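Fair warning: this is a prediction, and the values are worked out from it, not measured in the lab.
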Amino acid sequence: RADEARSLLLAIREGPLSEFDRARVEEFLGDAYLRLNLFEEALDAFGKAISSPAIQSLQMNRGNCELGIGDAYTALGQPKVAVKHYRSAEKLYAKFGNEIWASYAELRILQSRSNIDVGKVTDLARFFSKRRCRLFEVEALLIVARSKTGFAAQSLKTAKARIQRWGLEH
């Protein structure tokens, strides 16, 4: 639970930590704040993490921070700023060689646009499906389902079937 994680991470942050561990705690705090809809706090935590010299060479961690910053700006109604951070995340993930997370950052970029490219989102859904990235696939399918295109109804039907088959329902 995010509230429990936040409390624990705040306590850990007060103890003696290496620069690397401190940066990771800030990264995880940023995630917890996002889940708690504390977007300004998330931006602060991710900002501290990403500015740490200890993670400058760690593309995945920096990518995670950039993705989180993008999510916070999206939630704060600043999609243009969010897209800049999603692009940074996409590049960092690609540089690390993680095509799944790079593709997920691309999905976030597409999702931030007012005119969603349904073809690209559909392609990403197929990409995630082939790699068994179930949550990412369902997220892409639901984006298409919200579009006002001829693919919306079928995409929603497919997403619901996937959710039921994989037991992802609450």
message: If hydrophobic clusters are built from ILVMFWY residues whose side chains come within less than 4.5 Å, do I50 and V83 share one?
response: no

task: Indicate whether the side chain of Y86 and that of D71 have a donor and an acceptor atom separated by less than 3.5 Å.
output: yes

task: Check A89 against G63 and note the closest heavy-atom contact, atom names and distance.
output: CB-O, 3.5 Å

- prompt: Looking at V121 and A140, what are the two nearest heavy atoms and their distance?
  reply: CG1-O, 3.4 Å

message: Run the side-chain contact (heavy atoms from CB on, under 4.5 Å) test on R146 and Q111 for me, step by step, so that the C-alpha distance in whole Å, both residues' side-chain angles and the decisive distance to 0.1 Å come before the verdict.
response: CA-CA 11 Å; R146 287 189 293 271; Q111 194 174 12; 3.9 Å; yes

task: Any chance you could measure D3, atom CG, to Y33, atom OH, to the nearest 0.5 Å?
output: 12.0 Å

- prompt: Going only through I, L, V, M, F, W and Y residues with side-chain contacts under 4.5 Å, is there a path from W101 to I143?
  reply: yes

message: side-chain contact (heavy atoms from CB on, under 4.5 Å) for R22 and R24? Distances and angles first, verdict last.
response: CA-CA 5 Å; R22 186 165 307 285; R24 294 301 312 273; over 6 Å; no

Side chain proximity check, L76 to E40, heavy atoms < 4.5 angstrom: yes

query: So, T74 side chain and G70 main chain: donor-acceptor pair closer than 3.5 Å or not?
result: yes

task: Treat each ILVMFWY residue as a node, draw an edge where side-chain heavy atoms are under 4.5 Å apart, and state whether I100 and F96 are in one component.
output: yes

task: From the options Q154, K160, R162, select the one residue that forms a side-chain hydrogen bond (donor to acceptor under 3.5 Å, both in side chains) with T158.
output: Q154

Derivation and outcome, side-chain contact (heavy atoms from CB on, under 4.5 Å), residues R87 and E66: CA-CA 8 Å; R87 284 195 199 291; E66 291 287 0; over 6 Å; no

message: Could you tell me if the side chain of F46 sits less than 4.5 Å from the side chain of D31, heavy atoms only?
response: yes

- prompt: Looking at CD of Q59 and NZ of K95, how far apart are the two atoms once the value is rounded to the nearest 0.5 Å?
  reply: 5.0 Å

- request: Treat each ILVMFWY residue as a node, draw an edge where side-chain heavy atoms are under 4.5 Å apart, and state whether F128 and V144 are in one component.
  value: yes

message: If I take atom CG from residue L8 and atom CZ from residue R6, how far apart are they, to the nearest 0.5 angstrom?
response: 11.5 Å

- prompt: If you group Ile, Leu, Val, Met, Phe, Trp and Tyr by side-chain heavy-atom gaps below 4.5 Å, do I12 and L38 land in one group?
  reply: yes

Closest contact, heavy atoms only, S147 versus A152: O-CB, 3.2 Å

message: How close do E19 and P53 get, counting heavy atoms only, and between which atoms?
response: OE2-CD, 4.0 Å

- request: Calculate, to the nearest 0.5 Å, the distance between atoms CG and CG belonging to L29 and L9 respectively.
  value: 4.5 Å

Closest heavy-atom pair and its distance - P79, S112: CB-O, 3.9 Å

query: Angle class for the F136/Y104 ring planes (parallel below 30°, perpendicular above 60°, tilted otherwise)?
result: parallel

field: E99 vs F127 side-chain heavy atoms within contact, under 4.5 Å
entry: yes

query: Thinking salt bridges, do D123 and K120 make one under a 4.0 Å N-O criterion?
result: no

message: Taking salt bridge (charged side-chain N to carboxylate O under 4.0 Å, His left out) as the definition, give me every residue that meets it alongside E139, ordered by chain and number, with sequence neighbours left out.
response: R108

- line: Tightest non-hydrogen contact, residues A102 and Y93, listed as N-CB, 3.6 Å

- prompt: What distance separates L124 CG from E137 CD, expressed to the nearest 0.5 Å?
  reply: 11.5 Å

field: Salt bridge R13-E26, side-chain N to carboxylate O under 4.0 Å
entry: yes

- line: CG of L141 to OG1 of T122, rounded to nearest 0.5 Å, is 8.0 Å

